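Contents: one structure, followed by commentary.
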Amino acid sequence: MISKKVVLIDGHSILNRAFYGVPILTNSEGLHTNGIYGFLNIMFKAIEEEKAETLIVAFDLKAPTFRHKMYGAYKGTRKPMPQELHEQVPVLKEVLQAMEIPIVTKEGYEADDILGSLSRIYEEQGCDVTVISGDRDLLQLATEKVKISIPKTKAGGTQVENYYAEDVLKTYQVTPTQFIDLKALMGDASDNIPGVPGIGEKTATKIITAYGSIEEAHAHVDDIKPARAANNLREHYDMAVMSKKLAAIDTHAPIEIPDTSAGLENMYSQSAYQMMKRLEFKNILNRFDQENVAVPVLSAAVELTDRNEQQQKIFEAMSRPMFSAYPICEDGLWGLVMAYDDKCFWMPTKSADDLNGMAGWFDGHPDMAVMDLKERLHYFPLKESDNVLDISLMAYLLNPLKDSYDYDDIARDYLGMTLPSRADLYGKKKLSEIFSEDRTKALTWLGYYASLPLKAAPELRAALEKENMWELYREIELPLSFSLYRMEIAGIRVEREALREYGDHLVGRIQELEQEIYALAGEEFNILSPKQLGTILFEKLHLPYGKKTKTGYSTSASVLEKLQDEKPIARLVLEYRQLTKLKSTYADGLANFISEDERIHGKFHQTITATGRISSTEPNLQNIPVRVELGRRIRKVFVPKDGCVFVDADYSQIELRVLAHMSGDENLIEAYKQAEDIHRMTASQVFHTPLEEVTSQQRSNAKAVNFGIIYGISSFGLSQGLSITRKEAEVYIKQYFAAYPKIKDFLDGLVAEGKEKGSVYTLFHRKRPIPELFSSNFMQRSFGERVAMNSPIQGTAADIIKIAMIHVDRRLREEGLKSRLVLQIHDELLIEAAMDEVETVKQILHDEMSHAAKLKVPLEIDINTGTDWYEAK
DNA sequence: AAACTCACG
DNA sequence: ACGTACGTGAGTTTT
């Protein structure tokens, strides 16, 4: 007989584990989904590992309460489910139903009893059973054929502990059945099992291993040591017997076995797909077979190959109040999808150049809906216009926390439509492959690219207007897309040969360090492996370990720095890390991005950050080393093209100035009007010391406090930043707020506003939603509070430099200059300036940056020039 | 794919 | 009591 594989899941227990193991996650409806997400991942993992043929989930009928951590000497108490978890229970059941996974409940019985009874029945039928639960009480069900599987929620990667009967014996020195006796002696406050007073885990284990059961133990009660335990057992034996009844799981509950004849065949059904879409579990959607995905037709594209016909349709579109367009450009497939009224056309072209040429037909166009404007401009160079409605950019402004703003995301969030994503449709195939396989299908899908933007753009515009953010879109974000596009086109020149020499220079020193470290360690190992390094440092060499991470010892710079004065190996490892970082990320990393034109054309992203900043990738040009001299030298390989120099301009402490303005604190405003050194001034005011007498220690402490304020002050954070105690940090904060009372009011006000509105805002109405503020988890809520304090400041600074960029870029072009913006690094702009334009460029940078916003304090700019970036900064 | 570490503002 | 500074992206190792 082939034994069937059965998996039984303790529904509430696993949901609870998942809820606390997976960080906050909500879908667009605001429904919390982290527990369900974690549950499904544990479930899928179990199905795969156990090769399950039958799967059943058991639930209690009453919403259970859950154990929480032990506090001091007291037993854990049970807390009711927080709302964020409670709301997930019915949804999880819906998901399971949609997947046709049987759910079993029984009036008057707990999930434990259902699991116990089912596992007994299946075992009797000769099946291999796995019971999955977070609750160790279930270990009493383990046998030779019944495995108890307890997932350990190690953030992200869930590991499982598996127990057959023999494993229980090995780990706990008692058999599964004796587990009941053990609990009967120990008791369990959270389960209302009284147990025997005065007998805890240690004594209970001793007694049960010796006598096998409470009955046997009672029969030999006179032999039990210590005498105290014996007396207790004698006196409270009836209590122990009663406890045993309570602790025992009923394996003979009157449970009807659900119909599992269909097995797991129907797990990936259409209705399950719809549920996963609704919950926005993109990872899980990948498991669904693409062939089975229903494809709603929004407006399939009609193919138009004739160039004249194409042009005619475009002219027709130009006469409408709004149309949409989306260029396609991949290997061997070029063309434009466009839509207007309820029509949609696919206009293939013979080459990328032909597609490029079509852009001219759109000059002076009416409202034009698109997606990912900046990216599209590379294939379809539209003239800059304020009539473009980039639905991705608009959706980003309405909710900057999303990780994607593709048509399906927008269809779901703003039109309540469920559309298949590109990944759902193509999988790993290219559009051109789909075209040759099934033309109709390809045209249906292409329709989404143009039809959806056309439908969604008015909705998004209305939403922006309602939230007072239309101006932010029109005046800042949209023009910025064009500026960023031009910056990507411009790129920055990098001397390939000099970069290689820099890397070679590092290699020599890296090899020396490597040998020195091996010598001190007494063996060769991979220094870059935190695991191996931790073992060497903290186990072999017995260095005192500071922190621990989830997986082992922390070997982070902050730990090694504390050791480096005493232990040379720590200093060497730090230097080794520094150099290998420079070599791999910068010397080698950047080299991979140098194009034929000797320049690096990185990407600047406008829809990534939660605060409104720009981000940079492929490569990241916003984190080129500067703080340490050796790293800083890499900037010498960034050079302007012949006939140009670099002009670099950065704001001086823009975030603190924004804080001064937004809080309206007269003391800080006055400080900025007077002092050239704001950290010194802060030190003077916070420590009540005359400006001239401020020590460098005081100044650097004040600087750390200023940073802390911007990050959303907490005594712990400041104590870390300054390497002082929390108490001392608290004193600093108190003194700071005494010196600048309005700042305290302002920051408190931001948190209050966040809690009231669910979002905080910048000076230019940029919105940052903060769902964490409503978390029942202290840590997440505190994070939300720090975010509420930081985002308006960081975001307003981001707004200001965006305005400056747009104005600088506009003037460079309108004044017919050859100089070009090449980089933005949050508070810094780098221009490749023609030699004869340097003075003009400096003037433009100074004027446009200092006047980008009118604040209650001046915006100060530092400007430098140089023949490389090292020199210009 | 996740964890860790580290580069920048 | 909880366990942290805010915002990013990339390389390496480990699972």
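Remember, predicted model here, so these are calculated numbers, not experimental data.
- Spacing between dT5(B) and dT4(C) at atom P, rounded to whole Å, works out to 13 Å.
- In summary, of the residues considered (L823(A), I614(A), L821(A), L829(A)), a side chain to side chain contact (heavy atoms under 4.5 Å, CB included) with M487(A) occurs for L821(A) alone.
- You'll find that the side chain of F783(A) is closest to dG7(C), out of dT5(B), dG7(C), dA10(C).
- Residue A797(A) is classed as having no contact, given no heavy-atom separation below 4.0 Å to the nucleic acid.
- Separating the P atom of dC4(B) from that of dA5(C) is a span of 13 Å, rounded to the nearest Å.
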task = Could you give me the CA-CA distance, side-chain angles and deciding distance for E730(A) and K734(A), then say whether salt bridge (charged side-chain N to carboxylate O under 4.0 Å, His left out) is met?
result = CA-CA 6 Å; E730(A) 273 168 33; K734(A) 228 186 192 148; over 6 Å; no
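- At a threshold of 4.0 angstrom between heavy atoms, the contacts of T549(A) are confined to the sugar-phosphate backbone, with no base atom among them.
- Comparing atom distances between the A557(A) side chain and each of dC6(B), dA5(C), dT13(C) picks out dC6(B) as nearest.
- The side chain of V626(A) approaches dC8(B) more closely than any other nucleotide in the set dT8(C), dC8(B), dT4(C).
- The environment of NE2 in H605(A) is crowded: more than 12 heavy-atom neighbours from other residues, nucleotides or ligands sit within 6.0 Å.
- For dC4(B), the paired base is dG11(C) (Watson-Crick or G-U wobble, both distances below 3.5 Å).
- Of the candidates dG7(C), dA7(B), dT14(C), dT14(C) carries the atom nearest the K531(A) side chain, counting heavy atoms from C-beta on.
- The S529(A) side chain lies nearest to dT13(C) when the options are dT4(C), dT13(C), dA10(C).
- Of the C1' atoms belonging to dC8(B) and dG3(C), the separation is 26 Å, rounded to the nearest Å.
- The residue G712(A) sits apart from the nucleic acid: no heavy atom pair falls under 4.0 Å.
- Among the heavy atoms of the strands, none lies under 4.0 Å from S782(A).
- For N620(A), the side-chain atoms get nearest to dG9(C) when compared with the rest of dG9(C), dT13(C), dT5(B).
- Look at R613(A) and you won't find any side-chain N or O under 4.0 angstrom from OP1 or OP2 of dG7(C).
- Among the atoms of the strands shown, only primed sugar atoms or phosphate atoms (P, OP1, OP2) are found under 4.0 Å from some heavy atom of E618(A).
- Considering only side-chain atoms of F707(A), the nucleotide from dC8(B), dA5(C), dG7(C) that sits closest is dA5(C).
- The phosphate of dC8(B) has OP1 or OP2 within less than 4.0 Å of a side-chain N or O from R627(A).
- In terms of phosphate contacts, S584(A) brings no side-chain nitrogen or oxygen within less than 4.0 Å of OP1 or OP2 of dA10(C).
- Across all strands shown, S719(A) has no heavy atoms under 4.0 Å from either base or sugar-phosphate atoms.
- Shown here, dA1(C) forms no base pair; nothing in the strands shown gives a Watson-Crick or G-U wobble contact with both key distances under 3.5 Å.
- Nearest to the side-chain atoms of D827(A) among the listed nucleotides dT5(B), dT8(C), dG9(B) stands dG9(B).
- Nucleic acid contact class of I608(A) (heavy atoms, under 4.0 Å, all strands): sugar-phosphate only.
- A donor-acceptor pair shorter than 3.5 Å cannot be found between the side chains of Y761(A) and E753(A).
- Distance CD1 (I770(A)) to C1' (dG7(C)): 13 Å, rounded to an integer number of Å.
- In this model, the phosphate group of dG9(C) is approached by a side-chain N or O of S615(A) to a distance below 4.0 Å at OP1 or OP2.
- In this structure, CG of L537(A) is placed 11 Å from P of dT5(B), rounded to the nearest angstrom.
- Out of dG9(C), dA5(C), dC8(B), the shortest distance to the side chain of R635(A) is found at dC8(B).
- Within the nucleic acid shown, N623(A) comes within 4.0 Å of at least one base atom, counting heavy atoms only.
- An OP1 or OP2 oxygen of dT12(C) is reached within less than 4.0 angstrom by no side-chain nitrogen or oxygen of R577(A).
- One finds no side-chain N or O of N790(A) lying less than 4.0 angstrom from the OP1 or OP2 phosphate oxygen of dG7(C).
- The nearest whole Å value for the distance from the CG atom in L621(A) to the P atom in dT8(C) is 18 Å.
- Residue R768(A) is classed as a sugar-phosphate contact, given heavy-atom separations below 4.0 Å to backbone atoms only.
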